[in-house]
Amino acid sequence: MSEDLTAYQDSIEKSLGAEAWREALSASDMKLLATMAAAGAARVNAELASLLTDRRRQRVTLPVSKVVNFGMQVAESAVDVQTVINGRSVHLVTYPRRVKHTQDSACVWADEDGVWLYQDGLLLLPDDESYVDPDDTGAWQTWYVLPWNQDLNALYIEIQGTILLPGVDFYQTGDRLFLRQHPGASGAASLIVVADQQPPNIAAFSLRSELPSAWTSSSLLRGNPTTARLQVWLDAELGTVRAPVSGTITQTSSLEHGTRYVCAGQDWWVPYDCTELDPGTYVQKGQPFGNAATLYTGTAAGWWRGLDWSSGLSLDNVCPFSGLHIPPGVIPATSVTYNGVVRVQLTLQGDPVVLAAWQQWCLAAEQAAYPSTSPLAQLCGFTEAGQTKLIDGLQYFLDLWWNSSITVLVPQGHVPPALLQELRNRMPVTSVLIVQMPAVT
Amino acid sequence: MSLITTYFPAPSDLAPTDLQSTRAELQAWLAPAAPEGLDMRPGSVFGAWGLDPLTILVQGILTAVGRMREDLDVAGVANGVVYDCDFVQKYLLALGGRQQEAVNTVGYVQLVFSANADVDISSATRLQFHNQDVYTFNIPGNGTIKVRQMGSAIADPQTFPLTMLASGSYAVILPVTGYSSTVVAGDTASLDTTIPNLTAATAFSDFIVGRVNNSVPAIARRTAQTFQASGFITKTGTRNQLQGVFPDLQTVAAISSNDPELYRAAVNALGVTAPAMDIFVRSFARQVVNQTIRLNYISEQNDVAVGKFIGAWVPMGTPTRLDAVSCTGQPTLQLTWSVFSQSASSLIPLLTAAYSTNENFELVVNMPVDVSNTPLIQLSQDANGSYALFTLTYETDPAVGIVQAYINQDMPAGVSVQVRAPMQMLISSLHFQYTKEPGVLFNTDQAIADVTSYFNGLNPPTPFSASDMNDRVFSAGAAGITGVDVSGQIKLSIADQILSPSSTLPSVNYALAVSQAVAAPVLNIISLDGLNSVYTDPNLGQGGETLGVLTAQNLARTVLSGAITFEHVGNV
């Protein structure tokens with residue numbers, strides 16, 4: 001320790017070119033800095049700067065008996081360690097230094113709620129199965145947790161003269177302190193948390209902080225593009241605000257720009273004009289304020305029927321042919337013989353020349369996949385050429401063909417074409433984006 | 001870190017107009033608090049001895065603060081302006097951006113054998129270049145590398161059929177990986193095991209060192225960049241993944257079912273897209289190779305006279321440009337030929353399989369005759385009939401097949417992925433007319449190198465820009481450009497004729513094949529606008545459809561050797 005301290009003193013002298021700092025620091029401060037330097041903590045210079053300024057600090061003594069042991073052990077197979085932090089269910093996992101793809105480890109990620117996930121440290125993973133560890137490299141670990149005043153920023157912890165460093169020996173997240181080792185292991189009955197009033201931020205190794213809006217797209221979309229992530233990104237691009245919690249609105253304040261709502265212990269600002277909700281109104285988490293564009297990905301058959309299809313479905317961007325449209329309701333299906341096999345011709349709305357080319361394409365394509373039979377004809381019950389039937393066109397396309405491989409965008413209001421194209425670029429390759437056109441009024 | 005040495009400008013660098021403006025602001029700010037009647041005008045005692053030096057100091061502080069703010073602006077840092085690298089590096093670290101690890105050097109090795117025979121090679125075999133640089137084979141799935149006789153089916157990613165280079169000489173191209181070195185095309189490797197029939201192991205192309213750019217601006221770019229996780233879930237992720245695994249890829253572009261031009265995704269009974277992705281890769285390992293193939297002479301088929309050499313052409317790697325076909329032993333003989341292409345899958349029809357490993361080729365060479373109609377190629381004869389050997393000279397990209405094999409193992413289930421080389425734009429002539437200042441030397445070599453480099457660096461979807469190109473000519477000494485003439489072609493397939501998967505091959509019935517084939521579109525470039533050409537098949541769903549499509553995403557531009565010329569038309 002003394003060698004580290006001396007080396008660090010020298011380096012500070014060289015970098016600052018001043019010696020007065022020595023007198024300004026107490027012995028415990030010097031010990032903290034040396035510990036941080038020895039641990040390679042990147043925050044050491046910022047810590048020095050804060051020590052040299054007159055910042056109000058608090059020393060909070062916490063009894064070790066308050067420590068909650070999550071009791072989960074490191075195991076080969078993943079052990080699900082769950083807890084609720086600030087009302088949100090999360091997994092706790094340490095992320096190993098070994099990373100498969102270097103670009104992944106070089107950046108900050110964010111989850112669906114716009115919360116930072118910091119790599120190479122403790123990761124908070126959303127409890128929605130959107131995260132799948134490809135190599136099962138996460139080492140599930142026991143954490144020792146202390147309740148904490150979330151208005152205070154824990155700077156370091158002293159246990160019987162030993163200093164624990166933030167981001168190294170412990171993490172703060174919201175109203176909890178997470179320690180790697182049990183503070184009572186050395187026989188101490190209490191620990192002292194040195195804290196200041198500054199709220200945690202990412203640079204101080206906090207794990208949760210508000211996502212700066214400018215970083216939304218760059219950090220949010222680094223993860224797998226779940227529908228929820230794409231929705232957050234889309235909202236950020238369109239400026240849409242959604243209710244962060246479910247509950248009854250208790251207070252509203254009309255501001256110069258927009259409205260501020262209080263609900264279920266949280267408040268949020270809708271910075272644009274839209275229909276104002278009254279106190280007493282119940283809002284669902286995720287409910288948009290004003291015009292929004294919402295993404296839906298189906299799972300069960302017929303899920304799409306809950307959406308408004310009164311204007312039908314345009315096949316632009318999901319078909320090599322332009323201008324074709326599936327009308328709501330039924331469309332005619334006719335059986336024809338194509339290269340000796342009874343197949344089906346569907347009639348959509350659109351330019352007759354384009355429609356004929358599309359029909360020819362479909363016949364040839366089905367023959368390429370099924371040279372001697374036609375699943376579509378069997379579905380329609382056709383046995384010979386010349387038969388006709390009215391079918392639910394939307395059901396054929398949405399249920400029978402796309403099934404769960406589509407994401408439907410329901411715009412309320414204008415979505416810029418460039419943003420739509422960007423969304424298409426960011427869609428998972430396993431999904432096709434279709435846009436439900438608003439009904440013409 | 002000293003703020004003064006790092007961020008403060010030299011006093012002489014302060015612009016007089018800025019000083020003047022700052023002085024005026026200071027004077028206005030100070031006036032209400034100054035003693036009444038204090039003369040602050042320029043030339044006054046206080047003005048000269050007090051306010052003027054103070055103005056310089058304040059202007060210096062303002063500039064320093066501005067520079068510090070620029071260091072905190074990730075977008076600005078990403079553009080390459082950094083005043084304090086150490087500080088910015090730590091700042092970026094807090095934002096999650098940090099130096100990346102190096103990745104391996106990769107390349108391709110050509111193994112040449114003396115016999116057309118099956119050989120098994122352990123993937124643990126080590127190759128040593130320059131007696132010091134050790135490489136191993138980089139085969140997907142590892143295991144045994146199965147070198148198989150010519151024409152063998154590729155049953156798995158470990159199978160590599162031999163290709164005949166010349167009589168008694170057969171070769172395969174295998175990917176290798178190792179650590180830093182300077183292996184260049186043609187360097188010889190020694191192997192630590194004995195492989196039957198092996199006569200040579202040489203570097204097929206220059207090896208690419210997977211060094212990662214760790215400059216501060218590059219880290220800032222990565223921090224601010226909107227990219228998705230490496231992997232095959234998204235187009236961007238696919239690009240990240242492949243560029244990380246294959247640092248020798250010059251370009252990687254992907255189109256998916258959310259891009260309407262991916263025609264093959266809509267090859268189904270309802271004609272709408274299903275999950276699919278085409279990935280276009282172009283590697284630095286592209287090389288021009290000579291391959292010898294045997295073509296049978298077919299005098300007639302079904303009692304119809306043919307009089308042509310016809311046979312399958314199984315190229316080495318994925319051919320991107322066919323330069324020449326000559327008769328082996330009679331290289332000066334003028335030949336006319338055509339290449340037929342047929343997709344191996346009915347679900348990847350026509351040109352949707354172009355420049356991929358799903359293409360099968362047949363080569364048809366007309367028998368040359370003299371004025372008296374006497375055949376000029378001497379036929380050889382064996383149990384399989386009359387034949388002649390032909391030498392094909394073509395550019396090939398070995399990365400396409402290797403990337404396809406890699407992807408086949410890692411792709412999400414239910415998604416059809418095809419790896420292709422991009423459509424090829426071949427610029428055969430690029431003629432500049434320029435003026436220059438009297439006495440100024442125009443450096444032609446530099447201009448050719450810079451313009452060539454510009455085209456090589458045009459990665460999809462970056463469009464061609466005439467002004468960017470002309471800048472290269474100006475920097476070589478031109479004062480003006482009075483005209484640029486360009487000519488070239490864009491080929492949507494290396495083949496001339498495209499057959500549907502159900503069509504008859506020329507080797508079976510040449511006349512029928514010709515009647516069933518459609519000509520591959522060739523777009524002629526006659527102006528600079530043509531360098532940004534796009535094309536979609538106008539005959540979709542009708543007779544004569546080719547399913548050809550050209551966008552900024554799937555185009556690669558190549559300036560042929562000797563194409564760039566300059567003409568000095570006068571001085572300014």
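Values reported hereafter were calculated over all heavy atoms of this structure, with side chains retained and with hydrogens, waters and symmetry mates removed. Proteins get letters first, then strands, A, B, ... in listed order; numbering begins at 1 in each.
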Visitor: Heavy-atom distance under 4.5 Å to chain B: side chain of Gln359(A), backbone, both or neither?
Guide: neither
Visitor: Taking only residues two or more places apart in sequence, or in another chain, which ones meet Asp248(B) in a salt bridge (Lys or Arg N to Asp or Glu O under 4.0 Å)?
Guide: none
Visitor: Among Tyr370(A), Tyr396(A), Phe321(A), which has the most heavy-atom pairs under 4.5 Å with chain B?
Guide: Phe321(A)
Visitor: Are Ser341(B) and Glu359(B) linked by a side-chain donor-acceptor pair shorter than 3.5 Å?
Guide: yes
Visitor: Which residues satisfy the ring pair (Phe, Tyr, Trp, His ring centres under 6.0 Å) test with Phe246(B), sequence neighbours excluded?
Guide: Tyr406(B)
Visitor: Between the side chains of Asp537(B) and Tyr263(B), is a donor N or O closer than 3.5 angstrom to an acceptor N or O?
Guide: no
Visitor: Between Leu270(B), Val267(B), Ile255(B), which residue shows the highest count of heavy-atom pairs closer than 4.5 Å to chain A?
Guide: Leu270(B)
Visitor: Under 4.5 Å, heavy atom to heavy atom, which residues of residues 348-358 of chain A contact chain B?
Guide: Ala357(A), Trp358(A)
Visitor: Do you know which of Ala265(B), Ser256(B), Pro275(B) has the most heavy-atom pairs under 4.5 Å to chain A?
Guide: Pro275(B)
Visitor: Pick one of side chain, backbone, both or neither for Ile348(B), based on which atoms fall under 4.5 Å of a heavy atom in chain A.
Guide: neither
Visitor: Testing Thr352(B), Asp278(B), Asn358(B) one by one against Arg264(B) for a side-chain hydrogen bond (donor to acceptor under 3.5 Å, both in side chains), which residue passes?
Guide: Asp278(B)
Visitor: Less than 3.5 Å apart, any donor N or O on the side chain of Gln342(B) or Asn360(B) sitting next to an acceptor on the other?
Guide: no
Visitor: Please give me the minimum heavy-atom distance between Leu363(A) and Val344(A), naming the atom from each residue.
Guide: CD2-O, 3.7 Å
Visitor: So which residue, Pro501(B), Ser502(B), Gly541(B), Ala266(B), ends up with the most heavy-atom pairs under 4.5 Å with chain A?
Guide: Gly541(B)
Visitor: Would you mind reporting whether Gln418(B) and Ile279(B) have side-chain heavy atoms less than 4.5 Å apart?
Guide: no
Visitor: Would you mind checking which part of Ala364(A) comes under 4.5 Å of any heavy atom in chain B, side chain (CB onward), backbone (N, CA, C, O), both or neither?
Guide: neither
Visitor: Only distances under 3.5 Å count here; give the side-chain donor-acceptor pairs of residues 373-380 of chain A to other protein atoms, sequence neighbours excluded, each with its distance to 0.1 Å.
Guide:
{"from": "Thr373(A)", "atom 1": "OG1", "to": "Gln378(A)", "atom 2": "NE2", "distance (Å)": "2.9"}
{"from": "Ser374(A)", "atom 1": "OG", "to": "Glu366(A)", "atom 2": "OE1", "distance (Å)": "3.0"}
{"from": "Ser374(A)", "atom 1": "OG", "to": "Glu366(A)", "atom 2": "OE2", "distance (Å)": "3.0"}
{"from": "Ser374(A)", "atom 1": "OG", "to": "Ala377(A)", "atom 2": "N", "distance (Å)": "3.0"}

